[in-house]
**Q** 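Just dropping this structure here.
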Amino acid sequence: PLQINTQSSASLESEVSRPSRTKVNSGESNQRKTSDESHERVMTGEEIFSKYNSAVFMIFNSNEISGCQGSGFFISPDGLAVSNYHVFKGFTKGAEIIKLNDGSTYKIKEVLGHGDMSGNGPDYNDFFVFVVDLKGARVNSIPIAKSLAHVGQKAYAIGSPLGLENTFSSGEISQIRDQISVPIDHGSSGGVLLNQYGEAIGITSAGMESSANLNFAIDIHETDYLIN
């Protein structure tokens, strides 16, 4: 996951946290390049929000006992999407409402897979990959980063904390750590974390109440085996 440190409403500092099995040895020839080695054009925060705001959506789930609201985002124009597993866990398929920023609503067509939330070790991954039933429509989508995030890298987040639809924050990757799982502001779960090239590097997932205001997100590459 990615750890996010919000020092003010306009600042978000992120820390990438990955299970140990996803770490890459710097001596390996097949290591992904860091994003600064990419040849993509660096975008401003304003450009990133303007271009990808419509690719992020709200999720509403409910049953006879409880309900929840989270976020998600499209990674392909035909409806392939990503969120957090805990936004869906315990709810029946068909009870969900996927609400785009233009007000249109949809259902899930197919669940491709999700992470294992049975423990807090290296196999704990709070992600959920699914296809939205767009009825033939096409949507805006966010490309997945081809390279790993790294400390000091600029990062941007779009989500819906406390139901505030598609709120935008910015900051930096502060450190790479092992994954933890704690709640964050209601509604932010499943939002996107992007790099300075407008590529998805994480799924916002958890926060920690402290003076440093630390938060976390899942490394987007944890979903590679489901989307590739």
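None of the values given here were measured: they were computed from a predicted structure.
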**Q** Quick one: does Ile220's side chain get under 4.5 Å of Phe127's, heavy atoms only?
**A**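 With C-beta onward as the side chain, the pair stays apart.
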**Q** With Ala81, which residues qualify under side chain to side chain contact (heavy atoms under 4.5 Å, CB included), at least two apart?
**A**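 With sequence neighbours excluded, Ala81 shows a side chain to side chain contact (heavy atoms under 4.5 Å, CB included) to Phe57, Phe74, Phe130, Val132, given in chain and number order.
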**Q** Mind checking side chain to side chain contact (heavy atoms under 4.5 Å, CB included) for Asn101 and listing every partner two or more places apart, or none if nothing turns up?
**A**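 Scan of Asn101 (side chain to side chain contact (heavy atoms under 4.5 Å, CB included), adjacent residues dropped) gives Asn53, Ser54, Glu165, Asn166.
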**Q** Evaluate the side-chain proximity of Ile142 to Lys51: yes if any heavy-atom separation is below 4.5 Å, no if none is.
**A**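 They are not in contact (no side-chain heavy atoms under 4.5 Å apart), so the answer is no.
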**Q** With sequence neighbours left out, write down each residue that passes side chain to side chain donor-acceptor pair (under 3.5 Å) with Ser76, or none if nothing qualifies.
**A**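 Residues passing side chain to side chain donor-acceptor pair (under 3.5 Å) with Ser76: Asp78.
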**Q** Closest approach of Leu193 and Ala157, non-hydrogen atoms and distance?
**A**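 Distance-wise, the nearest heavy atoms are CD1-CB, 3.7 Å.
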**Q** Counting only pairs under 3.5 Å, give me each side-chain donor-acceptor contact of residues 104-113, with atom names and distances, residues two or more places apart or in other chains.
**A**
{"from": "Ser104", "atom 1": "OG", "to": "Asp102", "atom 2": "OD1", "distance (Å)": "2.6"}
{"from": "Lys107", "atom 1": "NZ", "to": "Gly94", "atom 2": "O", "distance (Å)": "2.7"}
{"from": "Lys107", "atom 1": "NZ", "to": "Glu96", "atom 2": "O", "distance (Å)": "2.7"}

**Q** Would you say Asp219's side chain and His221's backbone share a donor-acceptor pair under 3.5 angstrom?
**A**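 At least one qualifying donor-acceptor pair exists.
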**Q** List the residues meeting salt bridge (Lys or Arg N to Asp or Glu O under 4.0 Å) with Asp133, not counting sequence neighbours, and say none if there are none.
**A**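 Here the qualifying residues are Lys135.
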**Q** Walk me through it: do Gln196 and Met43 pass the test side chain to side chain contact (heavy atoms under 4.5 Å, CB included)?
**A** CA-CA 6 Å; Gln196 64 268 46; Met43 302 171 67; over 6 Å; no
**Q** Test your reading of the model: is there a side-chain donor-acceptor pair from Asn195 to the backbone of Ala200, 3.5 Å cut-off?
**A**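 Not a single qualifying donor-acceptor pair exists.
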**Q** If I take atom CZ from residue Phe49 and atom OG from residue Ser169, how far apart are they, to the nearest 0.5 angstrom?
**A**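 Rounded to the nearest 0.5 Å, the CZ-OG separation comes out at 10.0 Å.
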**Q** Evaluate the criterion side chain to side chain contact (heavy atoms under 4.5 Å, CB included) for residue pair Ile227 and Leu80; output intermediate values, then yes/no.
**A** CA-CA 8 Å; Ile227 63 180; Leu80 183 60; 4.1 Å; yes
**Q** Using the ring pair (Phe, Tyr, Trp, His ring centres under 6.0 Å) criterion, which residues pair with Phe91? Sequence neighbours excluded.
**A**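 Checked Phe91 against ring pair (Phe, Tyr, Trp, His ring centres under 6.0 Å); zero matches.
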**Q** Dump the intermediate steps for side chain to side chain contact (heavy atoms under 4.5 Å, CB included) on Asn61 and Cys68, then the final yes or no.
**A** CA-CA 5 Å; Asn61 255 320; Cys68 75; 3.8 Å; yes
**Q** Does a side-chain heavy-atom distance below 4.5 Å link Val42 with Tyr197?
**A**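 Yes - at least one pair of side-chain heavy atoms lies under 4.5 Å apart.
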**Q** Determine whether a donor-acceptor pair (N or O, by modelled atom type, separation under 3.5 Å) exists between the side chain of Ser50 and the backbone of Glu47.
**A**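 Such a contact is absent between Ser50 side chain and Glu47 backbone.
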**Q** Please verify the inter-ring angle class for Tyr85 with Phe128; under 30° counts as parallel, over 60° as perpendicular, anything in between as tilted.
**A**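 Ring orientation of Tyr85 relative to Phe128: parallel.
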**Q** Do side-chain atoms of Ser83 reach the backbone of Ser71 as a donor and acceptor pair under 3.5 angstrom?
**A**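 Yes, the answer is positive, given that a donor and an acceptor are paired below the 3.5 Å cut-off.
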**Q** Give the intermediate values and the outcome of side chain to side chain contact (heavy atoms under 4.5 Å, CB included) for residues Tyr156 and Val192.
**A** CA-CA 8 Å; Tyr156 302 90; Val192 62; over 6 Å; no
**Q** Residues in ring pair (Phe, Tyr, Trp, His ring centres under 6.0 Å) with Phe73, at least two apart?
**A**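 For Phe73 there are no ring pair (Phe, Tyr, Trp, His ring centres under 6.0 Å) partners, ignoring immediate neighbours.
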**Q** List the residues meeting ring pair (Phe, Tyr, Trp, His ring centres under 6.0 Å) with Tyr52, not counting sequence neighbours, and say none if there are none.
**A**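 Expected list: none.
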**Q** At what distance, to the nearest 0.5 angstrom, does CD1 of Ile98 lie from CE of Met58?
**A**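 If I round to the nearest 0.5 Å, the distance is 11.0 Å.
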**Q** Under 3.5 Å, side chain of His114 to main-chain N/O of Lys89, donor-acceptor pair present?
**A**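 Side chain of His114 to backbone of Lys89: no pair is present.
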**Q** Under a 3.5 Å distance rule, please check whether Asn84 uses its side chain to pair with a backbone N or O of Gly190 as donor and acceptor.
**A**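 At least one qualifying donor-acceptor pair exists.
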**Q** Lys154: what forms a salt bridge (Lys or Arg N to Asp or Glu O under 4.0 Å) with it, not counting sequence neighbours?
**A**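 Result, salt bridge (Lys or Arg N to Asp or Glu O under 4.0 Å) vs Lys154: none returned.
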**Q** Using side chain to side chain contact (heavy atoms under 4.5 Å, CB included) as the criterion, list what pairs up with Ser62, not counting sequence neighbours.
**A**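 With neighbours one apart ignored, the set is empty.
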**Q** So which atom in Ala145 and which in Ile201 form the shortest heavy-atom distance, rounded to 0.1 Å?
**A**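 Ala145 and Ile201 have their closest heavy atoms at CB-CG2, 3.7 Å.
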